[in-house]
Amino acid sequence: MATNTGTGWSFPEGVKFYPEYLTREHQRALLEEVREVVAAAPLYVPVMPGTGTPLSVRMTNCGPLGWVTDKDHGYRYQSVHPVTQAAWPPIPDSLIHIWEQVTGYPKPPDACLVNFYTEDARMGLHQDKDEQALEAPVVSVSLGDTCLFRLGGRRRDDRTRSFRLASGDVLVLGGEGRLAFHGVDRVYPGTSTLLKNGGRINLTLRRVNL
DNA sequence: TAGTGGCT
DNA sequence: TCAC
């Protein structure tokens, strides 16, 4: 059963959108925990496999595993920060709780990707498919400035729908939507006061290992 | 192919 | 959308 969005386009089955899931207080507390993660595991600029073209987002991770990409070894999960070689810091409890509440998946997430978007950062249309546990949903939590998010289907050429993700929104990609192409077309500067210097933070919770 | 410049 |  797909969710009707009133635009003639429905979310794929298994996609759940929770606008304003987190209160402002919860967002502030979560942001503080993200700052601790970034203090332990600094943001860095990932690059595309093969070409070495930098992505426009800055990235870090928390949890037993982190998603990384580089010129020589491509997309993968690994247990250490690619620059410092230190183990990733733990996933904050509040994020584990969100995962439990919105998924009900029997195992906790073992990876949390932290993406920081400045006002000119983008994320091209892609699928999350580097995980073994493809039956586990992917959970996205937005903090800071609003972005224009694009969601399609399992094939790159499936039609897409764009909608905004604002601070405190939670999006779950499960079921048919687990392998849906998605990306971030733009960030709207000045749309949130949560981050003093602006920008958007996206936290993506995933179960990688079975 | 999680990016992007250039051409129709 | 294509082609790199």
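Below, chain A is the first sequence line, B the second, and so on; all start at residue 1.
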Point to revise | Cationic tip of Arg207(A) above Tyr105(A) ring, under 6.0 Å, 45° of axis | key: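 Here Arg207(A) fails the 6.0 Å and 45° test against Tyr105(A).
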Q) Heavy atoms under 4.0 Å, any strand shown: does Arg76(A) hit a base, just sugar-phosphate, or nothing? A)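 Here Arg76(A) touches no strand at all.
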Open item on the list: At 4.0 Å (heavy atoms only), tell me whether Asp130(A) reaches a base, stays on the sugar-phosphate, or touches nothing.
Closed with: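 Counting heavy atoms under 4.0 Å across all strands, the contact made by Asp130(A) includes a base.
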(message) As a quick check of understanding, evaluate ring-ring contact (aromatic ring centres under 6.0 Å, His included) for His81(A) and Tyr44(A), giving each step before the final call.
(response) CA-CA 9 Å; His81(A) 189 289; Tyr44(A) 64 96; 5.2 Å; yes
Cut-off 3.5 Å, side chains only: do Ser162(A) and Arg186(A) have a donor facing an acceptor?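 Result is no, nothing qualifies.
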Between Asn115(A) and Thr204(A), a side-chain donor and acceptor under 3.5 Å:
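No donor-acceptor contact under 3.5 Å links the two side chains.
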Value in whole Å for how far the [atom2] atom of [N] lies from [atom1] of [X]:
{"X": "Tyr117(A)", "N": "dG3(B)", "atom1": "OH", "atom2": "C1'", "result": "13 Å"}
{"X": "Met59(A)", "N": "dG3(B)", "atom1": "CE", "atom2": "C1'", "result": "12 Å"}
{"X": "Arg186(A)", "N": "dA2(B)", "atom1": "CZ", "atom2": "C1'", "result": "20 Å"}
{"X": "Asp185(A)", "N": "dG3(B)", "atom1": "CG", "atom2": "P", "result": "11 Å"}
{"X": "Phe181(A)", "N": "dT1(B)", "atom1": "CZ", "atom2": "P", "result": "10 Å"}
{"X": "Leu151(A)", "N": "dA2(B)", "atom1": "CG", "atom2": "P", "result": "16 Å"}

For a quick test of reading the model: is some side-chain N or O of Arg58(A) closer than 4.0 Å to OP1 or OP2 of dA2(B)?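 No, no such contact exists.
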_Quick check on side chain to side chain contact (heavy atoms under 4.5 Å, CB included): which of Val184(A), Thr146(A), Leu143(A) does Arg200(A) satisfy it with?_
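Only one of Val184(A), Thr146(A), Leu143(A) forms a side chain to side chain contact (heavy atoms under 4.5 Å, CB included) with Arg200(A), namely Val184(A).
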For DNA chain B, determine which residues of residues 131-147 of chain A have any heavy atom closer than 4.0 angstrom to one of its atoms, and list them numerically.
->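 Here the set is empty: none.
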Using 30° and 60° as the class limits, which term best fits the ring planes of Phe11(A) and Phe163(A): parallel, tilted or perpendicular?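 If you compare the ring of Phe11(A) with that of Phe163(A), the planes turn out perpendicular.
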*Which value, in whole Å, describes the distance between the P atoms of nucleotides dG3(B) and dC7(B)?*
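Here dG3(B) and dC7(B) have their P atoms 22 Å from each other.
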